[in-house]
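Down below is the structure, laid out as structure tokens.
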Amino acid sequence: NTRARRNCAFLPLINCCMISTWKMSLLGMKRAAPLLKRNVPVHEAILMAVKTVEDDPAISSVGYGGLPNLNGEVELDAAYMNGDTLGFGGVMSVKNIKNPIEVAFDLSHYQRNCLLSDIGATRYAQSKGFAFQNMLSPESKKRYDQTDKMRDSEMLEAYKEHDTVCVIGMDHRRSMACGVSTSGLFLKMPGRVGDSPIIGSGLYADSEVGCAAATGVGEDIMKGCLSFSIVEKMRNGMDPQTACETALQQHLQRFLRCNHSCGSISVIAMDCYGNAGAATTLSAFPFVVTDQNFSTQLYVASNIGGKISIFQPDQGWLNSYRGD
Ligand code: SD4
């Protein structure tokens, strides 16, 4: 394909089959890669990667042990989008569902009632036999107890450089999909919903074009429908790296024009040729890529003075990294 070949020359990330947000997704991606190698459908790989993060008590922003809301409860958002059918499912503000991504995936098979919140989502998950558990780990309770709750709610930021896990994948049939899961912003107001389960904001998937996903301050991501914006740029011929950078840049400039300060935002994307891209407002946004040889590597996107660079971190960089 000429378009794919022409673009590849400019891209640092080519021939990919999965891309995910944050260093915390590395183990899940390493578990998912052999599944894709065995030609399983893409959803199995995505669920494996996201569930690994949800289940890890050491990861403090997704699933078990997630960041509590203002009431000290872990309240989770998750979503899944099927790029072949445009099927979308999501759960918002759910408590005690062990793997919200599984419920979101299940809901993505329906044409109606596919985005459920709070009690309705919980009853649905119970009726379908999904696993439940108390998602507040001793560590997340300790973090909550030790934090001053009187902070200005208008100033809430993404938590210490890691938050939502977003996984984009493409299988051997070139079917694409995306799954995301998060506990959202630390000390958020109960019932607050971020970008993650909002189609077009936290994620978008179209196997004819590509997928994109976002992490960061959800209220600010939603104002630009950033994931859809990136996919539309790819639909119009942009490679994923340029699409990520352009969408983010345009969004930041729009914020500037109305004097609205913007919280941190990072985005990833992959087109239907296996080219990938990432952009961020941070000086370091680690992300993970699995290539078509099923080798999984950590990369870093860095924004210095508005210019994005992408590199593979060496041991020295990893030793000094204080994020996830
Ligand atoms: C939210 N976007 O709920 C999520 C949180 C996140 O880095 O990704 N923070 O707003």
Side-chain angles (χ1 to χ4, degrees), residues 19-25 50 53-54 59-63 65-70 73-81 90-95 100-101 104 115 117-118 121 135 140 143 151 153-168 178-204 212-230 244 247-248 251 255 261-269 278-288 300-301 303 322-324:
I19 179 167
S20 62
T21 53
W22 305 111
K23 181 166 153 279
M24 66 182 178
S25 62
V50 176
V53 181
E54 287 181 338
I59 295 173
S60 61
S61 57
V62 178
L67 297 165
N69 66 15
L70 209 46
E73 304 157 316
V74 177
E75 212 175 58
L76 304 165
D77 296 338
Y80 183 91
M81 185 162 181
V91 291
M92 315 192 294
S93 300
V94 294
K95 304 178 196 85
I101 191 65
L115 180 58
S117 69
D118 199 357
M135 302 302 273
S140 46
R143 184 176 300 108
R151 60 183 60 187
S153 64
E154 287 290 277
M155 301 301 286
L156 290 184
E157 243 299 338
Y159 186 70
K160 283 192 188 156
E161 299 170 353
H162 67 111
D163 258 285
T164 305
V165 61
C166 308
V167 180
I168 291 169
C178 180
V180 303
S181 185
T182 188
S183 58
L185 301 185
F186 187 28
L187 301 180
K188 65 187 179 184
M189 201 178 280
R192 176 262 187 195
V193 176
D195 59 305
S196 301
I198 305 300
I199 188 169
S201 286
L203 75 169
Y204 198 79
T215 174
V217 177
E219 287 79 354
D220 291 342
I221 293 167
M222 286 192 269
K223 286 171 183 152
C225 301
L226 274 184
S227 296
F228 186 67
S229 165
I230 293 167
C244 285
L248 188 55
H251 191 47
F255 269 37
S261 69
C262 188
S264 61
I265 298 179
S266 303
V267 292
I268 55 170
T280 185
T281 59
L282 299 170
S283 58
F285 163 54
F287 62 99
V288 178
V300 178
N303 184 330
R322 290 285 159 263
D324 67 312

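We count ligands from 1, going down the list as the structure has it; atoms in each ligand are counted the same way. What you see below is based on every heavy atom in this structure, not just the backbone, and it leaves out hydrogens, waters and symmetry mates.
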Option among Thr182, Leu187, Leu185, Asp163 that satisfies the side chain to side chain contact (heavy atoms under 4.5 Å, CB included) test with Leu67 = Asp163
For a side chain to side chain contact (heavy atoms under 4.5 Å, CB included) with Thr280, tell me which candidate from Thr21, Asn303, Ile268 qualifies.
-> Asn303
Between [Y] and [X], is there a side-chain heavy-atom distance shorter than 4.5 Å?
X	Y	result
Met135	Ser183	no
Ser229	His251	no
Val53	Trp22	no

Is Glu75 salt-bridged to Arg192, going by a charged N under 4.0 Å from an acidic O?
-> no
From atom 5 (C) of ligand 1, work out which of Gly216, Gly194, Ser196 has a heavy atom at the shortest distance.
-> Gly216
When you look for heavy atoms under 4.0 Å from ligand 1, do you find them on the side chain of Arg192, its backbone, both, or neither?
-> side chain
Before signing off on this row, confirm whether [X] and ligand 1 have an N or O atom pair separated by under 3.5 Å.
X	answer
Asp77	no
Asp195	yes
Asp163	yes
Thr182	no

Please identify which atoms of ligand 1 are closer than 4.0 Å to at least one heavy atom of Thr164.
-> 2 (N), 4 (C), 5 (C), 6 (C), 8 (O)
